[in-house]
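Okay, so here's the structure we're looking at.
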There are 2 protein chains.
Amino acid sequence: MATYKYERPALAVDCVVFGRDEKALKVLLIKRGLPPFKDMWALPGGFVRIDESLDAAARRELKEETGFADVFLEQLYTFGAVDRDPRERVVSVAYYALVNLQGHQPKAASDAAEADWFALDALPKLAFDHKEILRVARERLRAKVRYQPIGFELLPEKFSLSALQRLYETVLDTSLDKRNFRKKLGEMDFVVATGELESGVTHRRAQLFRFDEKKYQALMKRGFNFEL
Amino acid sequence: MATYKYERPALAVDCVVFGRDEKALKVLLIKRGLPPFKDMWALPGGFVRIDESLDAAARRELKEETGFADVFLEQLYTFGAVDRDPRERVVSVAYYALVNLQGHQPKAASDAAEADWFALDALPKLAFDHKEILRVARERLRAKVRYQPIGFELLPEKFSLSALQRLYETVLDTSLDKRNFRKKLGEMDFVVATGELESGVTHRRAQLFRFDEKKYQALMKRGFNFEL
DNA sequence: ACAAAAGTGTTTTCCATACACCCATGC
DNA sequence: GCATGGGTGTATGGAAAACACTTTTGT
């Protein structure tokens with residue numbers, strides 16, 4: 001049971017950052033400036049410091065490498081194959097983040113590495129086991145979006161019902177019936193109309209809605225169950 | 001990005017072992033023989049070796065401390081609060097296991113520590129953050145049992161439908177309608193009658209069924225969806 | 001004969017799905 | 001006036017839920 005006797009794996013965090021851009025779902029990747037896998041694309045991430053929690057490490061790396069702060073961030077899975085890093089043993093706790101792409105420029109990372117958004121169906125080759133991590137993240141997002149209201153994290157604060165529907169269609173990779181979709185949302189009191197209208201469009205302006213976190217929490221406590 | 005410069009957290013695995021005993025759902029705990037938390041109950045677990053994967057570490061510890069091998073084992077969540085171990089920084093990858101309690105005696109662990117089963121509603125005080133780990137494991141079990149056929153892992157190979165129903169009622173903490181439950185199972189071709197009957201009971205003998213893994217896998221590929 | 005659990009169908013309710021047309025706006 | 005997406009209600013089918021009595025066995 002003595003800890004210090006044995007050699008320890010290094011411990012890292014990696015973040016899968018999902019963003020929605022117009023019609024496609026995208027992931028933020030970083031171009032590696034150092035070996036191994038130099039010049040290859042990879043998930044943002046880094047080593048966990050001795051005095052920070054895993055969540056804190058994930059948030060710090062996300063901030064440092066992509067500029068995002070105060071976003072939805074949740075632990076995904078921990079990847080620990082012995083040879084997943086060619087240098088030495090590295091165990092990585094993966095997280096996934098959901099961000100609203102509007103307003104956030106595809107900013108270059110603070111440490112001068114290149115950063116860019118990639119559509120999920122046009123990904124480059126990835127370093128390490130990051131392809132696998134991304135696969136698991138995508139699966140999780142797809143599963144979770146159906147029973148927890150996390151889809152809103154990918155939209156601006158105010159959004160049209162059509163935008164929300166397109167998002168669900170993208171994530172779930174299906175098409176949904178417009179009237180049925182709206183009917184179900186109409187029953188969810190935590191999606192509230194702001195009274196404002198969409199602008200700058202070449203057709204009828206859509207009404208804008210927002211997600212009311214407080215109302216949602218209140219309903220949850222009363223046993224409400226979010227579904228699709 | 002240099003790994004070796006920084007002090008590393010220790011990396012451990014902990015296992016939540018669920019077992020079903022007659023009517024109650026139970027967890028296997030180990031009495032700690034060493035400080036910290038000496039003589040307190042804790043989840044079986046230990047440190048990850050440099051040359052084994054996380055899954056392998058979990059299986060090894062499970063075997064060493066409880067004697068269970070070849071059981072359902074799945075990664076749960078990774079706990080990384082800075083102060084979760086009073087000695088030093090330890091990050092723990094938690095797993096949960098489902099075992100069939102029949103036939104496996106509440107065996108004492110190989111390293112002479114005391115091991116015992118505890119009903120989930122009569123738990124002792126636990127070491128470290130193991131209460132929290134157990135809470136998360138229970139939540140996961142409850143959620144997963146509804147859409148994946150993992151409940152069978154907690155039963156002997158041959159079981160009666162009543163036993164299966166009682167198991168679901170225990171895990172989900174609800175009561176289920178007998179006829180509806182049997183109707184649904186009747187539609188699932190991978191729960192097959194063995195033709196054998198229960199024995200040693202003081203009432204009508206129940207027919208015994210078994211879970212047919214192959215048939216289940218075949219159905220899965222055709223898009224079948226297990227539900228409750 | 002009685003206690004204890006096994007086994008068995010039908011009806012009702014509700015939710016998911018399918019489906020088509022008019023409206024507002026910019027060009 | 002036309003192209004583009006916004007917005008709206010109803011009918012149908014199928015799954016979930018509710019529900020009670022007979023059978024078998026041991027004592």
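The sequence lines fix the lettering, A, B, ..., with proteins before strands; numbering per chain opens at 1.
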Listed by chain and number, what are the side chain to side chain donor-acceptor pair (under 3.5 Å) partners of [X], not counting sequence neighbours?
X: B/D39; result: none
X: B/E61; result: none
X: A/R135; result: A/E132, A/E139
X: A/R84; result: A/D129

5'-most to 3'-most nt of DNA chain D touching chain A (<4.0 Å, heavy-atom partner on protein side) reads D/dT4 to D/dT10

In numerical order, the residues of residues 145-172 of chain A whose heavy atoms come under 4.0 Å of DNA chain D are A/S162

Distance-only check: which donor-acceptor pairs under 3.5 Å involve side-chain atoms of residues 171-179 of chain B, not counting sequence neighbours?
unit_1	atom_1	unit_2	atom_2	d
B/D177	OD1	B/R179	N	3.1
B/D177	OD1	B/N180	N	2.9
B/D177	OD1	B/N180	ND2	3.4

Ranking A/L208 and A/H203 by the position along DNA chain D of their nearest nucleotide, the one closer to 5' is A/H203

### Message
Does A/Q207 reach a base, just sugar-phosphate, or nothing at all? Heavy atoms under 4.0 Å.
### Response
sugar-phosphate

Let me have the donor-acceptor pairs involving side chains of residues 195-208 of chain A, under 3.5 Å, with sequence neighbours excluded, atom names and distances please.
unit_1	atom_1	unit_2	atom_2	d
A/E196	OE1	A/K158	NZ	3.3
A/E196	OE2	A/K158	NZ	2.6
A/E198	OE1	A/A206	N	3.0

The complete set of side chain to side chain donor-acceptor pair (under 3.5 Å) pairs with one or both residues in residues 142-151 of chain B, sequence neighbours excluded, reads B/E74-B/K144

Quick note, side chain to side chain donor-acceptor pair (under 3.5 Å) partners involving residues 162-171 of chain A, not counting sequence neighbours, are A/S162-A/R182, A/Q165-A/E169

Aromatic contact, B/F152 with B/F159 (centres under 6.0 Å)
yes

Residue pairs passing the salt bridge (Lys or Arg N to Asp or Glu O under 4.0 Å) test with at least one member in residues 208-224 of chain A, sequence neighbours excluded, are A/R210-A/D212

Whether each nucleotide of nucleotides 9-22 of chain C has a protein heavy atom under 4.0 Å at its base (B), only at its sugar-phosphate (S) or at neither (-) is summarised, 5' to 3', as BB------BBBB--

